[in-house]
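Notes follow the structure.
Predicted model, so just to flag it, every value in this text is computed and none were measured.
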Amino acid sequence: MKPYVLTPSQDSFLQPASRIDYEGALNAAQLEVVFSLDGPLLVIAGAGSGKTQTLVYRVARLIEQGVHPSHILLLTFTRRAAQEMLQRVGLLVGGRSDQVRGGTFHSVGNILLRRYGQSIGLDSSFTIMDRSDAEDVIHLLRSEYGLHEKGRRVPRKNTIAEMFSKTVNTLRALDDVIFGDYAHFVELIDDLNHLQKAYQNYKAKHSLVDFDDLLVKLDELLDSEAALHEEISKAFRYMLVDEYQDTNFLQARILQKLASPHNNIMAVGDEAQSIYSFRGATFRNIMDFPNQFPGTRVIKLEENYRSTQPILNLANEVIRGAEESYDKRLFSRRAEGAMPVLVRAEDENAQSRFVVQRILELREEGTALNDIAVLVRSSYQAFDLEIELGKRGISFIKRGGMRLMETAHVKDLLAHLRVVENPHDAVSWNRILMLIEGIGPKKSAQIVAQVVQEASPGPWLVEVARRMRSTGLAAFAGCVEQLNETPTSSPADLLSLASAYYLPILKQRYDDYPKRIRDLDHIQMIAIRYDLLQVFLSDMTLDPPNESVVDSEGELLDNERLVLSTIHSAKGLEWSCVFLLWLLDGKFPSSYSIFSNHELEEERRLFYVALTRAKHLLYLNYPINIYDRQAGAVLSRPSRFLDDVSSTLLDSWVLVDGGMSEYGINDI
């Protein structure tokens, strides 16, 4: 992604009469959105209703009407989504789309803080930590603070990181977060408050920021100077925000500040697909948008281009039971189609065997494996099915596995480049040193404490290695000197130097190193596209590649793989046929959620998301006679979300076991 240039060459420019066929590409509601350019606008975009097409044409319309592209900000939840949209805009208006600002909240925050952060005391060469890096810092500080020595149970480092993150994303004090969500750690409130302050001080000292800081400090930046706030806001005169139902309170506050001079903001989202509260997203943002931006016009996109009407009828009926929503009803021009099927199985294994049998039948009928998905509420609910798929030789990919940038070997390699970009990055120094034979946590801490203060770390490390008589540290010191001697080299060149040093370590540490080397080769290919190390490292943290080779290996059947996925990971995707497992009351919704109205409502929305992933076929499966320890009861009834659904909207089947892999079906 190219750095922003916030001062355009001109405010507007004349364009010829429209040559874009809006009427041929958009329906009436979409046209209304595209031609409503000024003032606050909320677009309630139902599942499969063509919101991306609408966003693309609205950006094109703004440019066509003379708005300078650099004045347009398109915020999405992945930068890849923004890039794909802007490529499509380019097909409509040409190269002018290259000047549109497109990215995520965090990537925009990163770029603005690199440029203006010194006004709030932030060094422009700061390093962005991912969650695991942040957890390592918390673990280090927790040990230094002696929490383990107090004879009490203390939260794990990932739990503490989650606590700190919630204070940002929900705009609550740490005390409130602990009392509300972690009451069993109330006695540690004082200790955790001290730890949070130590964490903030540590990051400031070592020029580190975590994901949340990119938003916190952007918010702080906008409050720091009125003139600076005005300059940034004027640069973004037209703002388009995708997936608004997934924003948190802090993101909404940042948007209000950015839009305050002009109020030209369009938010697109679907309250019925608000399912990420565990990440800090709040359902309230999309419901309260008209109050946050007075004069808001609300337009609904209700025509669905994905699913058949029988599937939509069921989805409409399920979400109709929600306590609060924007009244909408999805419809499709494909009125005919198979009815969704509710399938009852005698137990979990019977459920798995039925799904496998039906998948094989669908494949024989011409449906590709990669056009079939099995969705679950929680990842563990697919374990039994995975065994059955293995028995029948059906290849699959499981969504929700380890991401490439979360793998130890990739983090190890990139740490070598991070200390070149930011010599104060104590987290990366420690990670590298712990790879060296003979250096443990205590010795690493001693070296790190000094090396972050050295102007020339390479020669200093050479001397330390000589005193320690450590050939491993000497080799690393040589690598550091090489990397620092070529600071103007491309990221790919620096990565090659670091790889040459790291590969022997990789081969010694991992039995499956050939697979891991392929991951490093993938990173090397990505690095070729970059000229600046800082931009490369930021992108690898903010918008990382998805899959690790280590996590996704497996023989393919005719180059196809069935998709196993949690519903959360499936949002935004679609398949010809969808199987939903464990639609058993007490499992979906879970017994944990039934006593919280807020959680129960989110479970309903999660169910709605699952239903609307299917294009043609939908199977809702549940086993019976399942003992649930949490509920202290045997579970046998389908989800309560179907209680008020008319029986005319579903076919109901009961499986009749006819052997290990063959079933007959009784209609109810």
Side-chain angles (χ1 to χ4, degrees), residues 1-43 45 48-105 107-108 111-112 232-244 255 258-259 261-269 297 299 301 303 305 529 539 543 572:
M1 184 176 185
K2 294 181 289 188
Y4 291 127
V5 179
L6 294 182
T7 305
S9 57
Q10 58 188 59
D11 287 336
S12 63
F13 47 90
L14 297 176
Q15 299 298 327
S18 175
R19 290 178 294 178
I20 301 173
D21 183 12
Y22 294 101
E23 287 77 8
L26 305 169
N27 63 38
Q30 292 169 334
L31 281 170
E32 189 178 3
V33 171
V34 167
F35 283 86
S36 301
L37 299 182
D38 295 312
L41 176 65
L42 177 61
V43 180
S49 62
K51 70 179 179 66
T52 300
Q53 177 91 332
T54 307
L55 281 164
V56 165
Y57 274 79
R58 192 171 195 270
V59 173
R61 181 63 178 174
L62 284 167
I63 295 173
E64 189 181 56
Q65 288 299 106
V67 176
H68 196 282
S70 65
H71 279 318
I72 302 170
L73 174 63
L74 173 62
L75 285 170
T76 59
F77 271 78
T78 67
R79 199 172 48 162
R80 192 170 296 108
Q83 290 171 338
E84 289 173 357
M85 287 187 204
L86 293 179
Q87 286 173 359
R88 291 173 59 180
V89 174
L91 296 176
L92 298 174
V93 299
R96 290 170 289 168
S97 65
D98 292 343
Q99 298 178 64
V100 176
R101 321 301 185 189
T104 65
F105 282 89
S107 65
V108 170
I111 290 168
L112 292 176
I232 295 172
S233 296
K234 280 186 175 179
F236 303 140
R237 282 176 45 205
Y238 287 87
M239 299 164 55
L240 299 85
V241 188
D242 193 16
E243 303 287 7
Y244 192 75
L255 288 172
L258 286 174
H262 49 71
N263 260 359
N264 292 325
I265 178 170
M266 180 183 85
V268 181
R297 185 177 182 184
I299 301 174
L301 304 183
E303 182 171 356
Y305 295 94
R529 304 199 298 261
D539 281 2
D543 193 26

Can you tell me how far CZ of Arg58 sits from OH of Tyr238, rounded to the nearest 0.5 angstrom?
8.5 Å
For the side chain of Ser36 and the backbone of Glu32, is there at least one donor-acceptor N/O pair under 3.5 Å apart?
yes
Strictly by modelled atom types, are Glu64 and Tyr57 linked by a side-chain donor-acceptor pair under 3.5 Å?
no
Of all heavy-atom pairs between Gln65 and Leu37, which one has the smallest distance, and what is that distance?
CG-CD1, 3.8 Å
Test item: Val268 and Tyr244 side chains (from C-beta on) under 4.5 Å apart, heavy atoms
no
Give, for atom NE2 of His71 and atom NZ of Lys234, the distance between the pair rounded to the nearest 0.5 Å.
10.0 Å
Closest heavy-atom pair and its distance - Pro261, Ser233:
CG-CB, 3.4 Å
With a 3.5 Å distance limit and no angle check, can you tell me whether Gln83 reaches the backbone of Thr78 through a side-chain donor-acceptor pair?
no
I need the minimum non-hydrogen distance between Ala25 and Gln53, along with the two atoms involved.
O-NE2, 3.5 Å
Rounded to the nearest 0.5 Å, what separation is found between the CG atom of Leu112 and the CD1 atom of Ile232?
5.0 Å
Is a salt bridge present between Glu243 and Lys51, judged by a nitrogen-to-oxygen distance below 4.0 Å?
yes
Test your reading of the model: is there a side-chain donor-acceptor pair from Arg101 to the backbone of Phe236, 3.5 Å cut-off?
no
Value for CG (Asp38) from CE (Met266), rounded to nearest 0.5 Å, stands at 13.0 Å
Are the side chain of Thr76 and the backbone of Asp242 linked by a donor-acceptor contact shorter than 3.5 Å?
no
Measure the shortest side-chain to side-chain distance between Met239 and Leu258 over non-hydrogen atoms and say whether it is less than 4.5 angstrom.
yes
Is there a side-chain contact between Thr52 and Arg88, using heavy atoms and a 4.5 Å cut-off?
yes
Identify the two heavy atoms, one from Leu86 and one from Gly102, that lie closest to each other, and give their separation to 0.1 Å.
CD1-CA, 4.1 Å
Would you say Val43 and Leu41 make side-chain contact, with heavy atoms under 4.5 Å?
yes
Separation between OG1 (Thr54) and CD (Gln30), nearest 0.5 Å, reads 3.5 Å
Which pair of non-hydrogen atoms, one from Ser49 and one from Ala45, has the smallest distance, and what is that distance?
OG-C, 3.4 Å
Return the CG to CG distance between Leu240 and Leu74, rounded to the nearest 0.5 Å.
6.0 Å
Looking only at atom types and distance, does a side-chain atom of Arg96 sit under 3.5 Å from a main-chain N or O of Val93, one as donor and one as acceptor?
yes
Out of the candidates Val108, Ile265, Thr104, only one should pair with Leu75 under the side chain to side chain contact (heavy atoms under 4.5 Å, CB included) rule; please name it.
Val108
So, Asn27 versus Tyr305: side-chain donor-acceptor pair below 3.5 Å or not?
yes
Taking the side chain as every heavy atom from C-beta outward, state whether Leu42 and Ile299 have any atom pair closer than 4.5 Å.
no
Asn264 (side chain) donor-acceptor with Gly39 (main chain) under 3.5 angstrom:
yes
